[in-house]
Novice: 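The following block contains the structure, expressed as structure tokens.
All values below were derived from every heavy atom in this structure, side-chain atoms included, with hydrogens, water molecules and symmetry-related copies excluded. Indexing begins at 1, ligand by ligand and atom by atom, following the structure's order.
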Amino acid sequence: MLRRRGVDDVADIRDSPPCALADLLLAHDADYVSAFLEGRLDPRIARRIGLRPWTDRIVERTLKILGGSVAATHALLGGGAAVAGNLAGGTHHAFRATGAGYCVFNDIAVAAEVARRDYGIDRVLVVDLDVHQGDGTAAIYENDPSVFTFSVHCAENFPLRKQRSDLDVPVPQGTGDAGYLSALEEVLDPLFADPAPQLVIFQAGVDGLAEDHLGRLQLSRAGLKARNELVYRAARRAGAPTLVLMGGGYSRPIEHTIEALGDVFEQAVAAFATDEY
Ligand SMILES: [Zn+2]
């Protein structure tokens, strides 16, 4: 779809390499990592992750999801790209030593740690606008001032037990475009200032769409586009390299999700290709 929309005229679209073990271990517990890779994960954790059917290919799939986010991080910080993304990832429900909610490992944390190890980055801003709270990321970085976690999410939704992000903005179920966008606008800009982040990680889940069956917000496709624009403008103004990750989307039919995700990446490329900010 992105090729059909002409995105590859201005951006490279590449296959994701598998994530290196050393990168995974920057953000995750070694026993949890080896249990997953060796196929001996506690069945209760596998149930919490919820991927079905659980087959051997989950390992390859998971490593490629993480590897895509790491490759995009290198494209930004080592390759000089202003924006890069992963058409997967945004696996924000994974904690250091357990997975949950379709997330095995946390690619946001792995990307932030690769940025720290390889590029000395110590001011990361996570902008998590998936409809579900970024609980895994919040917990991993609860006591780490170098990664600021910001989450706007539906208050009455998974996860039942929320973690504490550096800034949480819960919005009530049924919130539509106007209420959502003003809640976001009220807090967004100061997060990019004094001092500006050296890396922005945007979890761009589109499960706030009205057609989404796990979302419980009433956002339109246009509302989500306005949301994306707010983030890209703020990042552009701050001159911050921006990593865009897919996040959730469960519309019925699924085409609504796919179109809205196409917008996320198409807008990212357009926003950073112009000098108009
Ligand atoms: Zn979600």
Side-chain angles (χ1 to χ4, degrees), residues 47-52 58 61-62 65-66 68-69 85-95 98-111 126-141 149-165 167-177 179-181 183-184 200-221 223-225 227-228 230-231 243-265 268:
R47 260 199 310 279
R48 246 183 102 180
I49 293 170
L51 296 172
R52 285 186 209 92
I58 284 186
R61 167 199 180 279
T62 299
I65 289 174
L66 274 285
S69 298
N86 185 355
L87 303 178
T91 48
H92 59 171
H93 298 309
F95 289 65
T98 188
Y102 311 139
C103 305
V104 178
F105 299 124
N106 192 312
D107 65 325
I108 297 169
V110 170
V126 178
V127 178
D128 188 332
L129 301 186
D130 190 279
V131 82
H132 304 102
Q133 193 208 27
D135 57 339
T137 323
I140 290 171
Y141 288 112
T149 55
F150 165 53
S151 176
V152 182
H153 49 267
C154 178
E156 303 89 355
N157 208 327
F158 179 92
L160 202 59
R161 194 170 149 255
K162 306 283 191 285
Q163 300 293 319
R164 193 160 359 132
S165 310
L167 178 60
D168 282 304
V169 179
V171 296
Q173 58 181 322
T175 298
D177 292 346
Y180 180 86
L181 291 169
L184 177 60
V200 172
I201 302 179
F202 178 28
Q203 205 280 20
V206 295
D207 41 10
L209 265 184
E211 293 85 356
D212 197 282
H213 77 274
L214 296 181
R216 302 191 198 163
L217 293 186
Q218 291 294 319
L219 305 182
S220 68
R221 183 177 168 188
L224 282 174
K225 287 178 83 164
R227 171 201 81 166
N228 302 337
L230 287 174
V231 176
L243 173 63
V244 184
L245 307 174
M246 176 179 80
Y250 315 91
S251 72
R252 288 180 178 148
I254 195 67
E255 281 70 22
H256 297 287
T257 290
I258 297 170
E259 291 294 336
L261 274 173
D263 296 339
V264 164
F265 291 98

Novice: Between E156 and R216, does any NZ, NE, NH1 or NH2 come within less than 4.0 Å of an OD or OE carboxylate oxygen?
Specialist: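 Answer for the salt bridge query: no.
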Novice: Answer yes when R221 and D263 have at least one side-chain N-carboxylate O distance shorter than 4.0 Å, and no when they do not.
Specialist: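 A salt bridge links R221 with D263.
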Novice: Could you check which N/O/S atom of D130 is closest to the Zn ion (ligand 1)?
Specialist: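 Restricting D130 to its N, O and S atoms, the minimum distance to the Zn ion (ligand 1) goes to OD1.
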Novice: In this structure, which one of L245, N228, I108 forms a side-chain contact (heavy atoms from CB on, under 4.5 Å) with F202?
Specialist: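 When side-chain contact (heavy atoms from CB on, under 4.5 Å) is applied between F202 and each of L245, N228, I108, only N228 qualifies.
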Novice: If I consider every N, O or S atom in H132, which one ends up closest to the Zn ion (ligand 1)? I only need its name.
Specialist: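 Atom name returned: ND1.
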Novice: Checking one value in my table: which N/O/S atom of D207 lies closest to the Zn ion (ligand 1)?
Specialist: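 The nearest such atom is OD2.
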Novice: After noting the C-alpha distance and the side-chain angles of H153 and D130, does the key distance pass the side chain to side chain donor-acceptor pair (under 3.5 Å) rule?
Specialist: CA-CA 6 Å; H153 49 267; D130 190 279; over 6 Å; no
